[in-house]
Amino acid sequence: MKNESPVTTIIRLLRRYLRVINEDGSLANIYVSEEWCDRELLKDFFGQVTVGLERAEEQKLSFDGKTRLKNFILKLNVWVADKPEQGMTRKMREKIVSEINRVVREYGKRPNIVDYNFVGVGCPSNSHRAYQAVSESELSPANSKWVEFTNSEYERIWYSDDNRLKISASSSNNYSLVLFCFKLDAEPDVIEELKFRFEGFGLSPLGNGAEIKVWNFSEQAWQNAQQGNASEDEFITLQVASNVTDFVDSEGYVYLLAKTLNPSDGVSEASLNVDFVDVSFKVNGISYCDIVSFRDMDEVRLKPFVWRTEFTVKALLFEKVNFSEG
């Protein structure tokens, strides 16, 4: 398995967790990318954050040289064009700087692990999606029977708050099914682990409980089943730690199936009650990062002024190297 670039890992970390609030309480649109500043982008965004590699150092941690440490030094820059009438000022730069400090402090011990959920997702969605169906059998992700959630249904799975979504099957031998589709922001060949969590429960006259499975694109089948048998909210966890590329398509999508453990008997319904669902994935790459220093480097020779702050960030990657024989 190849290593992910530390630049890519840090960019994803900031895109996922950076939250800058405007004076009116709305979320400021901040563009995070590789180097360098794009003044055209600053016309439409409140600010830009760029990440680039300054240098990398490598040292042996074992006598045979197979255990090694890579120490990366990255430059992270904040750019904000001075446009007071649009709320783009030095104060906006300060907000972004403060948020970068928060994100790195909070997630620096696990920058290569990212969590995704459905918070804020609505219909139609260009990233994560959720569908429901009632069927006597488990449907493939491509089956036409799936119906996407409505906006109000999406809202019921935003948080772990007991505001559950209920899907019911009343015909004999029919199960209640939900399909969750997550878009992972990583190349499949650098993902070393997937972990799904489903919060909810299933009720049926034939026995309570819920079951989750993940779709294997290589085998074209639902696999790695995990079950719960509670009649109230519980977390059911499913983990994929080998042959991960079989479970991620070329565009980065993964699919999770949740269903009632038992069907309806035709008299009483089988219902799946969904409270919350998320997925985390771990990439093969840096496992630690921290801020070394930061300084203001404003560019005032041109108009509009650009309020700029440069961070120096260190990141560590531990790896095992296999040398070829001969």
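Because the structure is a prediction, the values reported are computed rather than measured.
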Visitor: Within the side chain of R93, is there an N or O that forms a donor-acceptor pair under 3.5 Å with the backbone of R308?
Guide: yes

Visitor: How long is the gap from CG on N112 to CZ on R12, to the nearest 0.5 Å?
Guide: 9.0 Å

Visitor: Closer than 4.0 angstrom, basic N to acidic O: yes or no for R55 and E57?
Guide: yes

Visitor: Looking at K91 and E94, is there a salt bridge between them, counting it only when a charged N and a carboxylate O are closer than 4.0 Å?
Guide: no

Visitor: Rounded to the nearest 0.5 Å, how far apart are CZ of R68 and CD of E58?
Guide: 4.5 Å

Visitor: Counting N and O atoms only, with roles assigned by atom type, does the side chain of W146 sit under 3.5 Å from a partner on the main chain of A133, one being a donor and the other an acceptor?
Guide: no

Visitor: Is any side-chain heavy atom of V114 less than 4.5 Å from a side-chain heavy atom of D185?
Guide: no

Visitor: State whether the number of non-hydrogen atoms from other residues, nucleotides or ligands found under 6.0 Å of R102 atom CZ is greater than 12.
Guide: yes

Visitor: Output all residues satisfying salt bridge (charged side-chain N to carboxylate O under 4.0 Å, His left out) with E148, sequence neighbours left out; order by chain, then residue number.
Guide: none

Visitor: Compare all side-chain heavy atoms of L74 with those of V7 and state whether any distance is below 4.5 angstrom.
Guide: yes

Visitor: Do L69 and L316 have side chains that get closer than 4.5 Å, going by heavy atoms?
Guide: yes

Visitor: Taking the hydrophobic residues Ile, Leu, Val, Met, Phe, Trp and Tyr, and joining any pair whose side-chain heavy atoms are under 4.5 Å apart, which ones share a cluster with Y31?
Guide: L41, F45

Visitor: Determine yes or no for a side-chain-to-main-chain donor-acceptor pair under 3.5 angstrom, with N262 supplying the side chain and G207 the backbone.
Guide: yes

Visitor: Rounded at 0.5 Å granularity, tell me how far CH2 in W79 sits from CG in L42.
Guide: 9.0 Å

Visitor: Between Y116 and F281, is the ring centre distance below 6.0 Å?
Guide: yes

Visitor: Counting N and O atoms only, with roles assigned by atom type, does the side chain of Y154 sit under 3.5 Å from a partner on the main chain of A130, one being a donor and the other an acceptor?
Guide: yes

Visitor: Roughly how far apart are I10 CD1 and S5 OG, rounded to 0.5 Å?
Guide: 9.5 Å

Visitor: Using the side-chain contact (heavy atoms from CB on, under 4.5 Å) rule, pick out the option among N284, V240, V283, V244 that qualifies with E192.
Guide: N284

Visitor: Between N243 and D246, is there a donor-acceptor pair closer than 3.5 Å when you use the side chain of the first and the backbone of the second?
Guide: no

Visitor: Do K75 and T312 meet the criterion of a side-chain donor-acceptor pair at a distance under 3.5 Å?
Guide: yes

Visitor: For the CD atom on E34, are there more than 12 heavy atoms of other groups (residues, nucleotides or ligands in this structure) within a distance under 6.0 Å?
Guide: no

Visitor: Is the ring centre of F118 less than 6.0 Å from the ring centre of F182?
Guide: yes

Visitor: Treating R197 as the side-chain partner and T237 as the backbone partner, does any N or O pair qualify as donor plus acceptor under 3.5 Å?
Guide: no

Visitor: With a cut-off of 6.0 Å (strictly less than), are more than 12 heavy atoms of other residues, nucleotides or ligands near CD of E232?
Guide: no

Visitor: Say whether F235 and V119 are linked into one hydrophobic cluster, either directly or through other cluster members, by side-chain heavy-atom distances under 4.5 angstrom.
Guide: no

Visitor: Above 12 or not: heavy atoms from other molecules or residues under 6.0 Å from CZ of F217?
Guide: yes

Visitor: Can you tell if the side chain of K83 reaches within under 4.5 Å of the side chain of M92, non-hydrogen atoms only?
Guide: no

Visitor: Does E153, at its CD atom, have more than 12 non-hydrogen atoms belonging to other residues, nucleotides or ligands within less than 6.0 Å?
Guide: yes

Visitor: Could you measure the distance from the CZ atom of F198 to the CG atom of D233? Nearest 0.5 Å is fine.
Guide: 8.5 Å

Visitor: Which residue is it: V49, I100, I96? I am looking for the one with a side-chain contact (heavy atoms from CB on, under 4.5 Å) to V20.
Guide: I96

Visitor: Can you find a side-chain donor-acceptor pair between Q48 and S33 that sits under 3.5 Å?
Guide: yes

Visitor: Taking 4.0 angstrom as the limit, do D115 and R110 come out as a salt bridge?
Guide: yes

Visitor: Testing Y255, W222, F196 for ring-ring contact (aromatic ring centres under 6.0 Å, His included) with W215, which one passes?
Guide: W222

Visitor: Heavy-atom count around K183 NZ within 6.0 Å, excluding the residue itself: above 12?
Guide: yes

Visitor: Just by distance, with hydrogens left out, do T67 and K320 show a side-chain donor and acceptor under 3.5 Å apart?
Guide: yes

Visitor: Can you tell me if D298 uses its side chain to pair, donor with acceptor, with the backbone of F305 under 3.5 Å?
Guide: no

Visitor: Atom CG of L76 and atom CD of E35: how far apart are they, to the nearest 0.5 Å?
Guide: 9.5 Å

